[in-house]
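Computed from heavy atoms alone, side chains included, the values below leave out hydrogens, waters and symmetry copies. Numbers restart at 1 for each chain; the letters A, B, ... are given by sequence-line order, proteins then strands.
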There are 2 protein chains.
Amino acid sequence: MAVTIRDVAQAAGVHISTVSRAFSGSHLVKAETRERVLAAAAELGYRPNQTARALTTGRTQNIGLIVADIANPFFPPLIKSAQSRARLCSYQVFVADTDEDPRAEEELLRTLARQVDGLVLVSPRLANEEIAALGGEVPLVLVNRRVPGLCAVLMDVAHGAALAVEHLAGLGHRRLLLAGGPRNSWTSAEMRRAAEAAAAGRGLEMTLFAPNSPTEQGGIAAARAVVEARATAVIAYNDLVAVGLIEGLDALGVAVPEEVSVVGIDDTVVGRLNRPRLTTVAMPTAAAGRAAVDLLIQAVEAKDADQATAETTLGTSLVVRDSTAPAPRPEPAADAPPAA
Amino acid sequence: MAVTIRDVAQAAGVHISTVSRAFSGSHLVKAETRERVLAAAAELGYRPNQTARALTTGRTQNIGLIVADIANPFFPPLIKSAQSRARLCSYQVFVADTDEDPRAEEELLRTLARQVDGLVLVSPRLANEEIAALGGEVPLVLVNRRVPGLCAVLMDVAHGAALAVEHLAGLGHRRLLLAGGPRNSWTSAEMRRAAEAAAAGRGLEMTLFAPNSPTEQGGIAAARAVVEARATAVIAYNDLVAVGLIEGLDALGVAVPEEVSVVGIDDTVVGRLNRPRLTTVAMPTAAAGRAAVDLLIQAVEAKDADQATAETTLGTSLVVRDSTAPAPRPEPAADAPPAA
DNA sequence: CTGAAAGCGCTAACAG
DNA sequence: CTGTTAGCGCTTTCAG
């Protein structure tokens with residue numbers, strides 16, 4: 001068995017409680033004694049047993065990060081920044097993937113709840129009420145979801161979607177299609193709301209096509225809908241869907257951006273490398289990972305009672321590249337409502 | 001506090017040890033009693049406290065996965081499959097990122113060692129001796145590294161590199177450059193060994209340029225070396241470097257694949273989407289994640305003593321796409337050694 | 001400031 | 001088959 005607090009106590013000629021205090025940074029120990037203890041500990045290569053500590057304190061120094069799909073390029077930068085920030089604060093992080101399945105998400109949440117001090121739920125697929133219920137069992141920080149009473153880090157997709165519509169309108173597009181995401185996706189709902197408002201405000205037609213799987217396959221499958229809606233521009237749930245859309249459109253003999261413009265969301269490496277290079281709404285994923293961890297740790301370590309719901313909103317911007325271009329033939333907006 | 005084993009015992013009218021047995025699947029409990037206990041537990045929503053359990057058993061049911069860079073597209077599929085497989089076996093997984101820093105890797109290893117049953121080290125940057133030393137403290141499974149006495153999952157990069165050389169030779173290239181990876185990378189060393197052997201066997205010249213940062217930046221920076229070596233083809237440490245190389249070459253006015261052919265390694269989404277689409281050696285990352293977890297769990301749960309070093313080698317293959325083409329002008333191999 | 005003692009929630013011999 | 005009894009390694013009152 002590894003070296004324990006008892007070994008250190010013996011080596012330093014003090015009681016184990018003194019060693020404990022020396023390590024927990026208690027001021028109830030003479031500086032000189034602490035030195036001696038720390039020296040002995042270093043000598044023996046002692047490291048406090050987190051598990052044992054957790055049992056008495058009720059604090060594990062672990063947090064959990066639950067995402068829908070690790071392999072979706074949206075998540076890795078967020079995971080990276082979250083675990084890096086957590087480690088800076090002496091927390092380790094469990095990462096778990098729900099495979100876009102709400103039931104798996106719930107089970108995971110329940111399992112992890114007992115062995116962490118709190119959880120970060122990124123782009124959850126569960127319904128609000130279920131999340132709220134789970135929120136009673138363990139400190140929760142949501143990313144891209146707003147649930148009354150819970151902390152959240154939001155990315156301003158609404159603004160991004162509005163920018164996208166504005167950009168497309170400026171290029172002369174009159175008939176848009178919105179390729180939404182999965183059911184229960186807050187991002188998808190926000191996008192829709194904002195895009196529809198922006199479209200209405202400018203007298204544009206907007207067809208909604210949803211839900212779609214948030215993958216390249218989802219995009220490929222949605223390509224037909226674009227043609228059927230006779231849209232000249234489409235805003236996709238994310239970059240993966242956008243890339244799939246471009247592929248699917250190409251397969252249908254529709255050129256992007258000459259005949260149809262495509263805007264993605266996320267600004268992942270996938271969109272940057274795609275040809276045509278993707279016009280997309282940049283999401284601050286790395287910042288969101290850090291912010292979520294900060295919020296969580298703050299909630300966990302708050303001396304005072306459960307503080308008020310904290311919410312951080314991060315900005316988005318539009319990155320214009322090559323997948324958008326002027327509308328093919330500027331049709332007169334015969335059936336458009338009067339612009340505001 | 002949450003419901004404990006004592007509450008369940010009371011509710012079921014048995015002693016806590018009976019509850020414990022009912023949950024640990026001991027056969028030392030009457031089926032009928034177990035039913036009653038389980039019912040009471042379900043009623044109360046009891047879940048065994050993993051932390052407390054870990055303290056007595058010494059088994060945490062957690063494993064750690066240490067990778068160099070979560071955001072490098074090589075890793076996410078591996079992380080995803082590893083955590084999925086682990087969960088199937090009732091293990092949770094800590095994911096940590098070393099940012100390519102050997103010292104961070106060691107610190108992480110030491111910290112995590114105490115709170116997991118074992119660790120998977122993917123593409124470590126530490127030296128063999130340091131890994132071997134750490135291997136004494138905690139069960140370790142390495143991915144893409146061979147250290148005597150430790151379990152490992154290897155991807156047959158050597159074969160892949162040989163295939164790449166063969167492919168390039170077949171296209172008439174005589175002067176190759178190998179853009180290697182970071183110091184201490186087993187993959188890089190394997191590639192080099194195999195590529196040099198294959199090149200020598202076919203009378204090709206091969207220049208080594210290393211180390212390189214395993215990133216797009218690394219590739220961009222290496223582009224000049226290709227021109228200076230007057231190579232007509234280059235094999236890159238990974239897809240990211242390959243894509244960077246293509247970019248860098250383009251900036252230097254060198255066309256890929258017309259003037260220089262580029263082969264990547266990994267077969268990530270990055271290479272698939274790049275234009276020109278990248279010819280690359282496909283690495284079985286998802287399979288490796290699963291295999292590593294299997295090996296680790298097997299080592300941890302082995303009844304018998306530390307079983308012999310297990311090693312799994314997974315195959316690779318060459319995916320030919322558009323970044324490779326016939327050599328520009330088939331120079332006579334004036335200075336080549338006689339072919340084998 | 002430091003030692004003593006009582007557990008945290010659970011498992012694991014050992015009795016019965 | 002089930003109850004008893006020790007702890008796992010550490011923190012935390014409570015004395016001194």
Between B/R36 and B/A52, which has a closest nucleotide on DNA chain D that is more 5'? B/R36

5′-ward residue of the pair B/K30/A/S17 relative to DNA chain D: B/K30

Pick out which of B/E105, B/E100, B/E106 makes a side-chain hydrogen bond (donor to acceptor under 3.5 Å, both in side chains) with B/R125. B/E100

Report the nucleotide, chosen from D/dC8, C/dG3, C/dC1, that has the shortest atom-to-atom distance to any side-chain atom of A/R6. D/dC8

Of the listed nucleotides (C/dT11, C/dC10, D/dT5), which one gets closest to any side-chain atom of B/Y46? C/dC10

Separation of [N] [atom2] from [X] [atom1] (nearest whole Å):
X      : N      : atom1 : atom2 : answer
B/R114 : D/dG9  : CZ    : C1'   : 10 Å
A/I16  : D/dC8  : CD1   : C1'   : 12 Å
A/L28  : C/dC1  : CG    : C1'   : 7 Å
B/Q61  : C/dT11 : CD    : C1'   : 14 Å
A/N49  : D/dG9  : CG    : C1'   : 6 Å
B/I5   : C/dC8  : CD1   : C1'   : 13 Å
A/Q115 : C/dG9  : CD    : P     : 16 Å

Single hit among A/R103, A/R145, A/R110 for salt bridge (Lys or Arg N to Asp or Glu O under 4.0 Å) with A/E130: A/R103

Name the nucleic acid region contacted by B/V19, choosing base, sugar-phosphate or nothing; use a 4.0 angstrom heavy-atom cut-off, strictly under. nothing

Taking only the side-chain nitrogens and oxygens of [X], find out if one of them lies under 4.0 Å from OP1 or OP2 of [N].
X     : N      : value
B/T33 : D/dT2  : yes
B/T51 : C/dC10 : no
B/T56 : D/dG7  : no
A/S20 : D/dT11 : yes
A/H15 : C/dT2  : no

Would you say that B/F75 contacts B/V95 through its side chain, given a criterion of any heavy-atom pair below 4.5 Å between the two side chains? no

A/F94 and B/F94 aromatic ring geometry - parallel, tilted or perpendicular at 30°/60° bounds: parallel

Assign each of B/R21 and B/L55 to its nearest nucleotide of DNA chain C by heavy atoms, then name whichever residue's nucleotide is nearer the 5' end. B/L55

Is any NZ, NE, NH1 or NH2 atom of the basic residue among A/E107 and B/R47 found under 4.0 Å from an Asp or Glu carboxylate oxygen of the other? yes

